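So the structure is just underneath, and the comments pick up after that.
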There are 2 protein chains.
Amino acid sequence: MSPPRYDKSTRTKGRPTLKEVAQVAGVSPITASRALRGISSVTEELAVRVHSAAEQLGYVVNPAARALASACSQTVAVIVPSLGNQLFIEVLESIHQVMRPHGLEVLIGNAHYSRYEEEDLIRQYLAHQPQGLLLTGFERTEGARRLLEASQIPCVYMMDLDSGVGLHCVGFSQVQAGAAVAEHLLARQRKHIAFVGAQLDQRTLLRAEGFRHRLQKARCYNPMLEVLTPQPSSIGLGCELFAQLMQRYPQVDGIFFGNDDLAQGALLEALRMGISIPQQVSIVGFNDLPSSAFTVPRLTSIRTPRAAIGQRAAELLLSLIEGDTIGQRTQDLGFELMVRESS
Amino acid sequence: MSPPRYDKSTRTKGRPTLKEVAQVAGVSPITASRALRGISSVTEELAVRVHSAAEQLGYVVNPAARALASACSQTVAVIVPSLGNQLFIEVLESIHQVMRPHGLEVLIGNAHYSRYEEEDLIRQYLAHQPQGLLLTGFERTEGARRLLEASQIPCVYMMDLDSGVGLHCVGFSQVQAGAAVAEHLLARQRKHIAFVGAQLDQRTLLRAEGFRHRLQKARCYNPMLEVLTPQPSSIGLGCELFAQLMQRYPQVDGIFFGNDDLAQGALLEALRMGISIPQQVSIVGFNDLPSSAFTVPRLTSIRTPRAAIGQRAAELLLSLIEGDTIGQRTQDLGFELMVRESS
DNA sequence: TTGTAGGCGTTATCAG
DNA sequence: CTGATAACGCCTACAA
């Protein structure tokens, strides 16, 4: 004999409601609501009854009803410039890991490196009344800024550091990282040092800036050796840009690529062209993607703390959501130069 | 003199409502609602008034209220097994491109190659009452199946073809693709042919199966040369598995890797070990990731139609949402062997 | 600690 | 073609 249980097949409506759970548990809807939300004012015994009723019915809250009633959804939104870059996938992953135990859903938005798409996403997500927002960098439209300000919703900025506006941010100094690469190439006695960057997002430009300044200081800067293109960064593009650069300026003996994928392309093309790395040219990448430890030769790169950034940004956002008054608004997580064979 | 306009700064509430838009437009809320939803029964003139009022107020619908009232959100959910695989990013991208013009938001779920995580995601997303669901493959828990069935929500399955259950699916035959690779290596006169697969998801196993069967038919199958590991696929893992395999079975002269990243790792390791590809060993990958055209040597791979899969799956889902009775439930988009230098 | 009353912003239904 | 009315499922505020 099967145990007496609520027969789902007799339900006419699509899905059990809080009211039904309450009926089964023999309490009022509000008590059921409180019990399910883990509000401590509910007696242990009632809470147990409610939970087992919910279980029995297969009850899942209706997020729309909850959001409408409470004017707030159990959601945080993250907007990254790209999903094609493994970097941001890792950031998203750590954010998930922090948010999930708190019962917060993570909405993922891809702005495709466009300020306008980002603004649209922000508008869209704000409509959902998220608990908080995680954004990438500081480069956005005025409209987006106004939306954020008006919304009053907690917001943490990832990847770069704030230059004084007082935003909550978690990242590292892109400028310093660029400078560190220049330093490294200079220490390697390189004389004709190039920068190759694609995508031209704010962070790439800041890296280029730090790099350039350091070279200028060493009187070793040649603007002809700065290659910038708005095309999306990729291994194929790295091949192409490296070949072009070496053809035009054969004297180049050191190159900093704004992203590891470009650098990886360059290594492959060098192999094909018979250019020996690092003997003839030192190559340095950026981000230290997992595959960069396995290239031939292994790629020297700046390791960026993206997992930590995602985690700390998420934790910071949580504390803002809780209403904590934060002491430190800016968290510098640093970076590390991974010196390998390519330089 | 600035034009007379609604002064947002005097608003006490956070956000304009439909009612306010209606007031400004001088119509009833329901008319405003209809106008904004583009329901044709509204007079042109009123519609214009409503739209300009909405514009003026910066009105954005409250998705929660809409979902609650209509028992349906303007959302479709997609669940992929991983975001680390570029493959699925491309699928997501095409889905977006199809859904966005229809005003449908795309919820992205990452199941991390886990049936249990997938079930949780399905439960979570169904709670949101999406218009439809896009899932990857057919491998899922019984619980997930029941949820899907009970929900009655349109669902399209991506990447693989249905083996008779009558689901709506868009993909290609993983088994045939595996067989095609075997065929190719046999045609290259390879005698000691290995398979290397990681992750061991359903699709990888199906590829292995097709590959194995074709080799058996040619009496060229050696089970010792089938390397399977549950570890996540990566370039680093490819390096490692290739080195191990060549050490244990130096006579191997052809390898099919279940994913391009593994194959790319193998190419790098071969370079390091001084094993000439394809002279000593033919190497074939799977998926034809963008970078595979640039490896040294360039990688032979199966090009899978992931952009097309995303697009067609999204279109199919849209038509199911519209209530179309579909003639064809299964769409085979095929695959293509890209023969390059590595085989 | 529990319950009652009311409303969140929108849409479905049906009447005009 | 337009509008009044009543939900949708849940939560806040207050009362018991």
Side-chain angles (χ1 to χ4, degrees), chain A residues 11-51 53-54 57-75 103 124 126-131, chain B residues 11-51 53-54 57-75 103 105 126-131:
Chain A
R11 298 191 67 256
T12 51
K13 301 167 52 176
R15 182 177 156 181
T17 70
L18 188 60
K19 200 159 125 191
E20 296 171 323
V21 173
Q23 277 170 1
V24 171
V27 298
S28 75
I30 186 61
T31 299
S33 168
R34 288 198 265 247
L36 292 173
R37 277 180 293 160
I39 288 178
S40 53
S41 78
V42 178
T43 314
E44 179 69 16
E45 189 213 327
L46 288 190
V48 170
R49 265 170 37 207
V50 169
H51 277 101
L57 298 180
Y59 172 78
V60 182
V61 288
N62 182 327
R66 166 174 286 182
L68 185 57
S70 66
C72 185
S73 69
Q74 290 300 94
T75 290
Q124 183 186 117
L126 286 180
H128 284 285
Q129 307 183 124
Q131 301 261 5
Chain B
R11 298 192 67 255
T12 52
K13 302 168 51 175
R15 180 176 157 183
T17 70
L18 188 59
K19 200 158 126 190
E20 296 172 320
V21 172
Q23 274 169 3
V24 171
V27 300
S28 76
I30 185 63
T31 299
S33 169
R34 287 198 266 249
L36 291 173
R37 278 181 292 158
I39 288 178
S40 52
S41 78
V42 177
T43 315
E44 178 69 16
E45 189 213 326
L46 287 190
V48 170
R49 277 191 358 229
V50 169
H51 276 101
L57 297 181
Y59 172 78
V60 181
V61 289
N62 181 327
R66 166 173 287 181
L68 184 57
S70 66
C72 185
S73 69
Q74 291 299 95
T75 290
E105 281 179 50
L126 287 180
H128 284 286
Q129 306 182 123
Q131 302 260 3

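Bear in mind that the values here come from a model prediction, so they are computed numbers and not experimental data. Within every chain, numbering begins at 1; the chains are lettered A, B, ... in the order of the sequence lines, protein sequences first and strands thereafter.
Smallest separation of non-hydrogen atoms from B/Asn62 and B/Arg15: CA-NH2, 3.2 Å. Across all non-hydrogen atoms, the minimal contact from A/Pro63 to B/Ala127 is CD-O, 3.2 Å. Closest of all the heavy-atom pairs between A/Leu57 and A/Pro16 is O-CG, 3.4 Å. Here the closest non-hydrogen pair linking B/Leu18 and B/Ala32 is CD1-CB, 3.8 Å.
Computed from C1' positions of five pairs at each end, the angle between the two local axes of the helix from C/dT1-D/dA16 to C/dG16-D/dC1 equals 30°, rounded to 10 degrees.
Note on A/Thr31: every side-chain N or O is 4.0 Å or more away from OP1 and OP2 of C/dT2.
Here CD of A/Gln124 is found 10.0 Å from CG of A/Leu126. Values are rounded to the nearest 0.5 Å. One finds the NE2 atom of B/His51 at 12.0 Å from the CG atom of B/Leu46 (value rounded to the nearest 0.5 Å). Here CD of B/Glu105 is found 10.5 Å from NE2 of B/His128. Values are rounded to the nearest 0.5 Å.
Near DNA chain C, meaning a heavy atom under 4.0 Å away, the residues from residues 42-51 of chain A are A/Val42, A/Thr43, A/Leu46.
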Tell me, for nucleotides 10-16 of chain C in 5' to 3' order, what letter each nucleotide earns: B for a base near a protein heavy atom under 4.0 Å, S for only sugar-phosphate near one, - for neither? BBB----

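Protein atom CG of A/Leu36 is 15 Å distant from nucleotide atom C1' of C/dT2, rounded to whole Å. Spacing between atom CG of B/Leu57 and atom P of C/dG9 amounts to 14 Å, rounded to whole angstrom units. For the pair A/Leu68 CG and D/dC10 P, the computed distance is 12 Å after rounding to whole Å.
Among A/Thr43, A/Val42, A/Ile39, A/Leu36, the single residue meeting the side-chain contact (heavy atoms from CB on, under 4.5 Å) criterion with A/Thr31 is A/Val42.
Under the 3.5 Å distance criterion, with hydrogens and angles disregarded, a donor-acceptor pair is assigned to the side chains of B/Gln131 and B/Gln74.
Formation of a donor-acceptor pair under 3.5 Å by the A/Ser73 side chain with backbone atoms of A/Gln129 is found in this model.
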